[in-house]
Visitor: 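Below you will find the structure I want to go over with you.
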Amino acid sequence: MNYWLIKTEPGCFSLDLLKKRPDMTEHWDGVRNFQARNFLRDSIKVGDMALFYHSNIAEPAVVGIVDIVRAGYPDFTALDPNGEHFDPKASPANPIWYMVDVRFRAELPKPVSLADIKENPLLADMPLVRRSRLSVQPVSAVEWQVIMSMGRLTA
DNA sequence: GCCAACGTTGGC
DNA sequence: GCCAACGTTGGC
């Protein structure tokens with residue numbers, strides 16, 4: 001079982017949206033970065049959990065956690081010429097891009113902001129802090145526990 | 001809205 | 001295969 005952090009802009013895919021449909025899964029699609037793609041395709045497994053991070057807003061923060069309910073499979077949004085995530089190089093035989101399905105698990109009673117994360121020396125090695133724009137990144141067990149505790153979420 | 005970081009593209 | 005130009009991300 002591994003831990004991850006996935007970023008979304010709440011304008012297009014917010015935790016609230018997931019929360020409203022606790023019994024449904026959602027495709028987490030549109031990732032167009034090779035390093036992130038590799039994690040989605042090769043590393044993320046069913047049963048893994050991910051921190052749900054809202055970016056590109058006034059106070060970017062980890063706002064909740066989601067379960068990975070389906071491991072990497074081809075991101076069909078790359079094949080839709082009218083879609084926002086269309087990639088002319090992708091084809092059914094060579095999908096290039098991958099996505100996973102996630103399901104709402106919990107909301108953090110206290111969102112953990114990027115500022116909070118930067119202040120905590122235990123979290124200094126997170127790619128998030130190292131100014132990476134990576135939209136899917138691994139999280140260590142220790143980092144996970146620290147963020148759970150900062151977010152006042154008890155298992 | 002600005003701009004720094006950084007990944008990708010394409011000419012050579 | 002180098003590297004300049006360009007596009008995107010995302011914090012501020």
Side-chain angles (χ1 to χ4, degrees), chain A residues 2-20 26-44 48-68 71-102 104-140 142-153:
Chain A
N2 288 302
Y3 297 113
W4 305 92
L5 179 145
I6 64 179
K7 294 185 195 173
T8 72
E9 297 191 22
C12 48
F13 190 8
S14 70
L15 187 72
D16 277 348
L17 199 138
L18 277 182
K19 195 182 172 187
K20 281 183 199 141
E26 302 280 349
H27 313 302
W28 195 67
D29 61 25
V31 171
R32 296 293 179 263
N33 165 284
F34 286 105
Q35 205 184 345
R37 188 281 309 268
N38 292 345
F39 285 131
L40 291 172
R41 187 188 58 186
D42 306 329
S43 307
I44 302 190
D48 286 357
M49 290 194 285
L51 300 171
F52 203 83
Y53 179 84
H54 281 171
S55 68
N56 240 326
I57 48 172
E59 185 164 77
V62 175
V63 291
I65 59 181
V66 294
D67 286 312
I68 306 300
Y73 64 103
D75 182 346
F76 54 77
T77 65
L79 302 175
D80 175 6
N82 300 314
E84 201 182 337
H85 300 301
F86 178 60
D87 181 347
K89 294 194 197 118
S91 68
N94 179 26
I96 305 180
W97 305 113
Y98 285 76
M99 60 186 177
V100 297
D101 286 356
V102 300
F104 177 82
R105 184 185 181 92
E107 190 169 16
L108 295 188
K110 181 182 180 303
V112 179
S113 71
L114 181 61
D116 293 339
I117 289 173
K118 283 182 170 172
E119 274 175 17
N120 193 321
L122 292 171
L123 304 177
D125 286 333
M126 292 184 75
L128 197 64
V129 177
R130 299 188 165 280
R131 267 185 150 284
S132 166
R133 295 176 304 161
L134 197 57
S135 54
V136 187
Q137 38 184 280
V139 172
S140 76
V142 169
E143 288 159 355
W144 182 273
Q145 288 310 326
V146 169
I147 289 173
M148 290 304 101
S149 134
M150 290 166 80
R152 312 259 194 278
L153 191 69

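Lettering follows sequence order; numbering is per chain, from 1. Since this is a predicted model, take the numbers as computed values, not measurements.
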Visitor: How many whole angstroms separate atom NZ of A/K118 from atom C1' of C/dG11?
Guide: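 Checked: the NZ to C1' distance equals 7 Å.
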
Visitor: Step through it carefully: locate the ring centre of A/W4, locate the ring centre of A/F52, and say whether they are under 6.0 Å apart.
Guide: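 Between A/W4 and A/F52, the centre distance exceeds or equals 6.0 Å.
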
Visitor: Once you round it to whole Å, what is the distance between C1' of C/dT8 and NE2 of A/H85?
Guide: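 Taking atom C1' of C/dT8 as the reference, NE2 of A/H85 is at 13 Å.
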
Visitor: Indicate whether OP1 or OP2 belonging to C/dG10 is found under 4.0 Å from a side-chain N or O atom of A/K7.
Guide: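 Yes, because at least one side-chain N or O of A/K7 sits under 4.0 Å from OP1 or OP2 of C/dG10.
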
Visitor: Between the base of C/dT8 and the side chain of A/R32, is there any donor-acceptor pair under 3.5 Å?
Guide: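 Checked by distance alone, the answer is no.
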
Visitor: Ignoring backbone atoms, establish whether A/K89 has a side-chain N or O less than 4.0 Å from OP1 or OP2 of B/dT8.
Guide: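 So the side-chain polar atoms of A/K89 never come under 4.0 Å of the phosphate oxygens OP1 or OP2 of B/dT8.
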
Visitor: With a cut-off of less than 4.0 Å, is there a side-chain N or O of A/Y53 near OP1 or OP2 of C/dG11?
Guide: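 Answer yes for this pair, as a side-chain N or O of A/Y53 is under 4.0 Å from OP1 or OP2.
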
Visitor: Counting any heavy atom closer than 4.0 Å, what does A/I57 reach on the DNA or RNA strands: base, sugar-phosphate only, or nothing?
Guide: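 No contact at all - A/I57 keeps every heavy atom at 4.0 Å or more from the nucleic acid.
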
Visitor: Inspect the surroundings of CZ in A/R105 and state if more than 12 heavy atoms from other residues, nucleotides or ligands are less than 6.0 Å away.
Guide: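 No.
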
Visitor: Which whole-number value in Å describes the distance from A/Q137 CD to C/dT9 C1'?
Guide: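 Checked: the CD to C1' distance equals 13 Å.
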
Visitor: Judged by each residue's nearest nucleotide on DNA chain B, which is more toward the 5′ side, A/Q35 or A/N56?
Guide: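 Taking each residue's closest nucleotide, the earlier one in sequence belongs to A/N56.
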
Visitor: Tell me: CE of A/M126 to C1' of C/dG10, nearest whole Å?
Guide: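 Rounded to whole Å, this separation is 16 Å.
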
Visitor: What is the distance from CG of A/L5 to P of C/dT9, rounded to the nearest Å?
Guide: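 Distance check: A/L5 CG to C/dT9 P gives 17 Å.
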
Visitor: Inspect the contact between A/R37 and A/D75 and indicate whether a charged nitrogen and a carboxylate oxygen are less than 4.0 angstrom apart.
Guide: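 No, no charged N to carboxylate O under 4.0 Å.
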
Visitor: Does a side chain donor of either A/R133 or A/S55 reach within less than 3.5 Å of an acceptor in the other side chain?
Guide: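 There is no such pair between these side chains.
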
Visitor: Roughly how many Å is it from CZ in A/F34 to P in C/dT8, rounded to a whole number?
Guide: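 Rounded to whole Å, this separation is 15 Å.
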
Visitor: Rounded off to whole Å, could you give me the CG-to-P distance for the A/L114 and C/dT9 pair?
Guide: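 Rounding to the nearest Å, CG of A/L114 and P of C/dT9 are 18 Å apart.
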
Visitor: Could you tell me how far apart A/L134 (CG) and B/dG7 (P) are, to the nearest whole angstrom?
Guide: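 Rounded to whole Å, this separation is 9 Å.
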
Visitor: Mind checking whether A/F76 and A/H27 have parallel, tilted or perpendicular rings, split at 30° and 60°?
Guide: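 Perpendicular: the ring planes of A/F76 and A/H27 meet at over 60°.
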
